[in-house]
Chemist: 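Sharing a structure below in structure tokens format, with a few things to ask.
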Amino acid sequence: MSQKPRDRLSRVKTGASSRYSGAIEESESLRLSQAVHEAAVSWYHRAARDLPWRRQDCSAWGVLVSETMLQQTPVARVLPRWEEWMRRWPTPHETAKAPVAEILTVWDRLGYPRRALRLQQTAAAIVEHHDGQVPSTRDELRALPGVGEYTAAAVACFAFGVPEVVVDTNIRRVHTRVFSGHALPGKTYTAQQRRLAHDVFPDPEHDCGQFACAWNIAVMELGALVCTARAPQCGACPVAELCTWRRAGFPPPTEEQKPRGQAWAGTDRQVRGALMAALRCGPAQRSVLIASLPLPAADLDQRHRCLESLLTDGLAEQRGDQVALPGVLR
DNA sequence: AAGCCGGGGCT
DNA sequence: AGCCCAGGCTT
């Protein structure tokens, strides 16, 4: 299937009341969710950021690359890396052919470089199993390496207009506040939260799913720009008057809901990151590489263990005493 | 269900 | 200097 233009979200009209065909006797909660739909989608058309992967001429591959990068990294850091990636490898075919070392170098410091590897593996799978075209269904997307429940739904929806229920942590947080009245959604994605997301989802039949897709992106943007985790800007929120959390007087998060801080200094992740940063500069002698990391404490056991894990992950290669990004050494 | 996996910007 | 962040995969 060819990649469709993606201007449908911006063409959705708001304010029509015939959108909910099945509503014979509207319950109070359905009425609430409908009011939230209208306010959120209307706000999105006014306030959304102009991001390159949202433009109508962006390919489905561009959407998949952006969603993969955005899984762990803020928009501001993704933007230049996405532009460079798409300039060099604008299709799955070209991505699949690229040298692994270049893939990892362009990924740069986006973090979790195993995802760059999986993105290239996904490109290869698309070439092999889907004739080079990004598949458009949730199940086909879900089968690709590195594509989980969120990314599969997001690409189906944002690249192809399929009205799948998209749930990321921004969306979970907005749902929890607006509809459940809690400050934060908690650490794990529960079956109850999945049910809530489906319960408040607009009728996917209406409008060929355009409005449902607009709802997904609108709630995600609302969570990113206004209904943020730490300092929500309720004064700028289009659904403030409807928000259950606000009407309940902003009850604070329970201990269970508070996020657990992740240690950084001294962790394997920091050491692996420093090793990858050094390897991106070029091949090195193993002992020199290990000794030259710009890290305070020198735990040689940990450094060797982390390098071994990079070799195991396919993020680095060793020949003799030389270490480099994959494919660099003969 | 819980832990691992980067890195940088904000307070 | 500390705090915060987020999806996929493995166990």
Side-chain angles (χ1 to χ4, degrees), chain A residues 63-81 104-122 125 138 141-155 157-158 164-176 183-194 197 216 219-221 223-225 227-233 253 256-280 293-296 302 305-316:
Chain A
V63 174
L64 178 51
V65 172
S66 78
E67 289 300 343
T68 302
M69 291 179 168
L70 288 165
Q71 280 169 7
Q72 74 273 359
T73 309
V75 165
R77 243 191 298 166
V78 164
L79 272 169
R81 299 297 90 215
L104 293 171
T105 301
V106 170
W107 190 262
D108 196 37
R109 296 177 165 238
L110 288 182
Y112 302 117
R114 292 191 294 195
R115 294 173 188 231
L117 251 35
R118 293 196 189 112
L119 186 54
Q120 188 179 35
Q121 291 159 5
T122 273
R138 187 178 52 81
L141 288 160
R142 183 65 183 77
L144 298 169
V147 177
E149 182 174 337
Y150 161 75
T151 304
V155 172
C157 183
F158 303 146
E164 298 288 352
V165 178
V166 176
V167 183
D168 71 347
T169 58
N170 280 327
I171 290 176
R172 284 206 295 139
R173 185 174 58 253
V174 175
H175 286 173
T176 297
L184 292 171
K187 294 144 195 149
T188 56
Y189 183 32
T190 64
Q192 279 177 335
Q193 289 173 7
R194 182 182 281 102
N216 281 330
V219 175
M220 200 177 308
E221 190 77 340
L225 296 184
C227 194
T228 54
R230 254 205 301 186
Q233 299 164 50
E256 191 65 34
Q257 291 164 353
K258 287 182 183 172
R260 286 211 330 266
Q262 236 185 20
W264 169 241
T267 61
D268 284 4
R269 293 192 333 284
Q270 185 188 32
V271 175
R272 284 168 55 103
L275 286 166
M276 288 300 294
L279 290 173
R280 270 187 242 112
L293 295 186
L295 295 174
Q302 183 188 30
R305 179 161 42 77
C306 287
L307 180 52
E308 288 304 321
S309 74
L310 293 179
L311 296 168
T312 300
D313 288 347
L315 289 164

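Reminder, nothing fancy here: chain letters follow the sequence lines and each chain counts from 1. Keep in mind the model is a prediction, meaning the values are calculated, not measured.
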Chemist: Closest to the A:A229 side chain: B:dG6, C:dC5, C:dA6?
Modeler: C:dC5

Chemist: How many Å lie between CZ on A:R194 and P on B:dA1, as a whole number?
Modeler: 11 Å

Chemist: Does OP1 or OP2 of B:dG6 have a side-chain N or O of A:R272 closer than 4.0 Å?
Modeler: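 Yes.
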
Chemist: Could you give the distance separating B:dG6 and C:dT11 at their P atoms, to the nearest angstrom?
Modeler: 16 Å

Chemist: Between A:T188 and A:L110, who's closer to the 5' end of DNA chain B by nearest nucleotide?
Modeler: A:T188

Chemist: When you check the side-chain N and O atoms of A:E67 and A:Y150, is any donor under 3.5 Å from an acceptor?
Modeler: yes

Chemist: Check whether any side-chain N or O of A:R114 sits under 3.5 Å from a backbone N or O of A:D313 as a donor-acceptor pair, and report yes or no.
Modeler: no

Chemist: What nucleotide, of B:dT11, C:dA6, B:dG6, holds the atom closest to the side chain of A:R230?
Modeler: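 The closest nucleotide is B:dT11.
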
Chemist: Checking all strands, does A:R280 fall into the base, sugar-phosphate, or nothing category for heavy-atom contacts under 4.0 angstrom?
Modeler: sugar-phosphate

Chemist: Side chain of A:Y150: nearest nucleotide among B:dG6, C:dG8, B:dT11?
Modeler: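 Nucleotide nearest to A:Y150's side chain: C:dG8.
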
Chemist: Report the distance from atom CG of A:L144 to atom CG of A:L64, rounding to the nearest 0.5 Å.
Modeler: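 Between A:L144 CG and A:L64 CG, I get 7.0 Å after rounding to 0.5 Å.
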
Chemist: Base, sugar-phosphate or nothing for A:Y112? Non-hydrogen atoms, less than 4.0 Å.
Modeler: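 Base, at least one base atom sits under 4.0 Å.
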
Chemist: Find which nucleotide of DNA chain B each of A:Y189 and A:A263 is nearest to by heavy atoms, and output the residue with the more 5' nucleotide.
Modeler: A:Y189

Chemist: Just checking A:P113: base, sugar-phosphate only, or nothing, at a heavy-atom cut-off of under 4.0 Å?
Modeler: sugar-phosphate

Chemist: Please determine, for the side chain of A:R77, which listed nucleotide (C:dG8, B:dC5, B:dG7) has the closest atom?
Modeler: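 Of all the options, the side chain of A:R77 is nearest to B:dG7.
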
Chemist: Rounding to an integer number of Å, can you tell me how far A:Q257 CD sits from C:dA6 P?
Modeler: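 Nearest whole value for this atom pair: 16 Å.
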
Chemist: Tell me the interatomic distance from A:L70, atom CG, to B:dG8, atom P, rounded to whole angstroms.
Modeler: 16 Å

Chemist: On a whole-Å scale, what distance lies between the C1' atoms belonging to C:dG8 and B:dG9?
Modeler: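 Result for the C1' pair: 24 Å, nearest Å.
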
Chemist: Expressed in angstrom and rounded to an integer, what is the separation of A:R269 atom CZ from C:dC4 atom P?
Modeler: 15 Å

Chemist: Using a heavy-atom cut-off of under 4.0 Å over every strand shown, decide if A:R109 touches base, sugar-phosphate, or nothing.
Modeler: sugar-phosphate

Chemist: Round to the nearest Å and state the distance from A:D108 atom CG to B:dG7 atom P.
Modeler: 9 Å

Chemist: Could you tell me whether A:D313 contacts a base, only the sugar-phosphate backbone, or nothing, with contacts defined as non-hydrogen atoms closer than 4.0 Å?
Modeler: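 Touches nothing.
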
Chemist: Nearest-Å distance, NZ (A:K187) to P (B:dC4)?
Modeler: 15 Å

Chemist: Could you give the distance separating C:dA6 and B:dT11 at their P atoms, to the nearest angstrom?
Modeler: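 So the two P atoms sit 15 Å from each other.
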
Chemist: Grab the CD-P distance between A:Q71 and B:dC4 for me, whole Å please.
Modeler: 20 Å

Chemist: Once you apply a heavy-atom cut-off of 4.0 Å, does A:T151 come out as touching a base, just sugar-phosphate, or nothing?
Modeler: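 Sugar-phosphate: the residue A:T151, judged by heavy atoms under 4.0 Å, touches backbone atoms but no base.
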
Chemist: Between C:dA6 atom P and A:Q193 atom CD, what is the distance in whole Å?
Modeler: 14 Å

Chemist: Nearest heavy atom decides the nucleotide; on that basis, is A:Q72 or A:V147 closer to the 5' end of DNA chain C?
Modeler: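 Its nearest nucleotide being more 5', the pick is A:Q72.
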
Chemist: Using modelled atom types and a 3.5 Å cut-off, is there a donor and acceptor pairing between side-chain atoms of A:R269 and backbone atoms of A:A263?
Modeler: yes

Chemist: Do A:E164 and A:R142 meet the salt-bridge criterion of a basic N to acidic O distance under 4.0 Å?
Modeler: no

Chemist: So what does A:E67 hit on the nucleic acid, given a heavy-atom distance under 4.0 Å: a base, only sugar-phosphate, or nothing?
Modeler: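 Nothing, no nucleic acid heavy atom in range.
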
Chemist: Answer yes or no: is there a side-chain heavy-atom contact under 4.5 Å between A:L275 and A:C306?
Modeler: yes

